[in-house]
Amino acid sequence: MAEEPAPEPGSGSGSFSSAVNGGKSIEECQDMIRRSLRSPMVKFLREHLEKAGCVVGDNFIKAVHCKKLISGGYVRGEGIMVCSNHMSIQDEVNQVVIHELIHAYDDCRAANLDWANCAHHACSEIRAGHLSGDCHYKRELLRGFMKIRGHEQECVRRRVLKSVIANPYCSEAAAKDAMEAVWDVCYNDTQPFDRAP
């Protein structure tokens, strides 16, 4: 079994797992990752990563066993990890891969992105939460959040704070301040998409 890589500060998605009975084995999850690589959104993001000059090799996205209650993460120089023991269905794997590919894209296109900088981290989390579909109303309903209007931005804010607060370089106050400071610019930055999917 693979050991959990030490994540770059603040670079993981930090999503709580919904898997039951230990999730999937690394082999099962690796098969699910292979299926996610065929999805149009994942193909699109990988293509744009390569256009931005970042090669995405065969081992860029890998299944690992995670000790923390996270669904996955992106680690600069290592790639994307998907926590097999916290995955139960294909849709969860697809979401983690998409979310983390957006972090990888941000890391690739911004030469000076510093994951220890709360504002940089918050910006990438805002973009990943907004552009990945993490906060689609159906997902929010399944999480028990029933708000009809404004659910998407509220969800993105909630998930950004949770992730940035987990960054050892960001206090709760610093995370909130950083998120508010970069919200408008980062929420409206839809690259590599023409608009929010």
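Counting begins at 1 with the first residue of the sequence. From a predicted model like this one, the values you see are computed outputs, not experimental measurements. Any value given below was found using the heavy atoms of this structure, including those in side chains, with hydrogens, waters and symmetry copies removed.
Side-chain contact check for Gln95 and His99: no donor-acceptor pair (N or O, by modelled atom type) lies under 3.5 Å.
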| query | Given the rule in the salt bridge (charged side-chain N to carboxylate O under 4.0 Å, His left out) test, do Asp189 and Arg109 qualify, once you have shown the distances and angles that lead to the verdict? | reply | CA-CA 13 Å; Asp189 177 2; Arg109 75 177 180 145; 2.4 Å; yes
| request: Would you sort out whether Arg158 and Glu154 count as a salt bridge (charged side-chain N to carboxylate O under 4.0 Å, His left out), showing the intermediate values? | output: CA-CA 6 Å; Arg158 184 180 72 245; Glu154 192 172 289; 5.2 Å; no
| message | Under the criterion side chain to side chain donor-acceptor pair (under 3.5 Å), I'd like the reasoning laid out for His130 against Gln153: C-alpha separation, chi angles, the key distance, then a yes or no. | response | CA-CA 8 Å; His130 178 51; Gln153 286 194 21; over 6 Å; no
| Candidate pair Gln30 and Arg34, rule side chain to side chain contact (heavy atoms under 4.5 Å, CB included), full reasoning | CA-CA 6 Å; Gln30 205 61 54; Arg34 278 191 277 282; 3.6 Å; yes
| message | Is there a side chain to side chain contact (heavy atoms under 4.5 Å, CB included) between Leu131 and Thr190? Walk through the geometry before answering. | response | CA-CA 7 Å; Leu131 300 173; Thr190 60; 4.1 Å; yes
| request: Let me see the working for Trp115 and Asn117 under side chain to side chain contact (heavy atoms under 4.5 Å, CB included), right down to the final yes or no. | output: CA-CA 5 Å; Trp115 291 105; Asn117 179 308; over 6 Å; no
| task | List the steps, then state whether side chain to side chain contact (heavy atoms under 4.5 Å, CB included) holds for Trp183 with Val156. | result | CA-CA 10 Å; Trp183 180 266; Val156 171; 3.7 Å; yes
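Taken from CD1 in Ile102 to OH in Tyr74, the straight-line distance is 13.5 Å, to the nearest 0.5 Å.
Here the side chain of Ser163 pairs no donor or acceptor atom with the backbone of Arg159 at under 3.5 angstrom. One N or O on the side chain of His86 and one on the backbone of Lys68 form a donor-acceptor pair closer than 3.5 Å. Side chain of Ser84 to backbone of Val64: a donor-acceptor contact under 3.5 angstrom is found. Listed for the Arg127 side chain is a donor-acceptor partner under 3.5 Å among the backbone atoms of Gln191. The backbone N or O of His65 sits nowhere less than 3.5 Å from a side-chain atom of Asn85 that would complete a donor-acceptor pair. Between the Glu92 side chain and the Ser88 main chain, a donor and an acceptor come within less than 3.5 Å of each other. Side-chain atoms of Glu125 never come within 3.5 Å of backbone atoms of Leu161 as a donor-acceptor pair (strictly under, hydrogens ignored).
When all heavy atoms of Ala104 and Phe60 are compared, the pair lying nearest together is CB-CZ, 3.9 Å. Between Val164 and Ala175, the shortest heavy-atom distance links the atoms CG1-CB, 3.5 Å. Of all non-hydrogen atoms in Ala128 and His103, the two that sit nearest each other are CB-CE1, 3.7 Å. Heavy-atom minimum distance, Gly57 versus Arg46: O-NH2, 4.3 Å. Across all their heavy atoms, Ala122 and Val160 have their closest contact at O-CG1, 4.1 Å. Scanning all heavy atoms of the two residues, the minimum distance from Glu28 to Lys24 falls at OE1-CA, 3.5 Å.
Taking 4.5 Å as the limit, every side-chain heavy atom of Tyr105 sits out of range of all side-chain heavy atoms of Glu100. Pro192 is listed as a side-chain neighbour of Phe44, based on a closest heavy-atom distance under 4.5 Å. Between Ile80 and Lys62, every side-chain heavy-atom pair lies at or beyond the 4.5 Å cut-off.
Taking the disulfide bond (SG atoms under 2.5 Å apart) definition, one finds that Cys118 meets it with Cys170, sequence neighbours left out. For Glu172, the salt bridge (Lys or Arg N to Asp or Glu O under 4.0 Å) partners two or more places apart in sequence, or in a different chain, are Lys176.
For the side chain to side chain contact (heavy atoms under 4.5 Å, CB included) test with Met81, the passing option among Ile61, Val96, Ile70 is Ile70; the others fail.
For Asp114 and Arg76, the salt-bridge test fails: no basic side-chain N is under 4.0 Å from an acidic carboxylate O.
Sorted by first and then second residue, the salt bridge (charged side-chain N to carboxylate O under 4.0 Å, His left out) pairs with a member in residues 178-187 read Arg157-Glu180; sequence neighbours excluded.
A continuous path of hydrophobic side-chain contacts links Met41 to Met87 [ILVMFWY only; heavy atoms under 4.5 Å].
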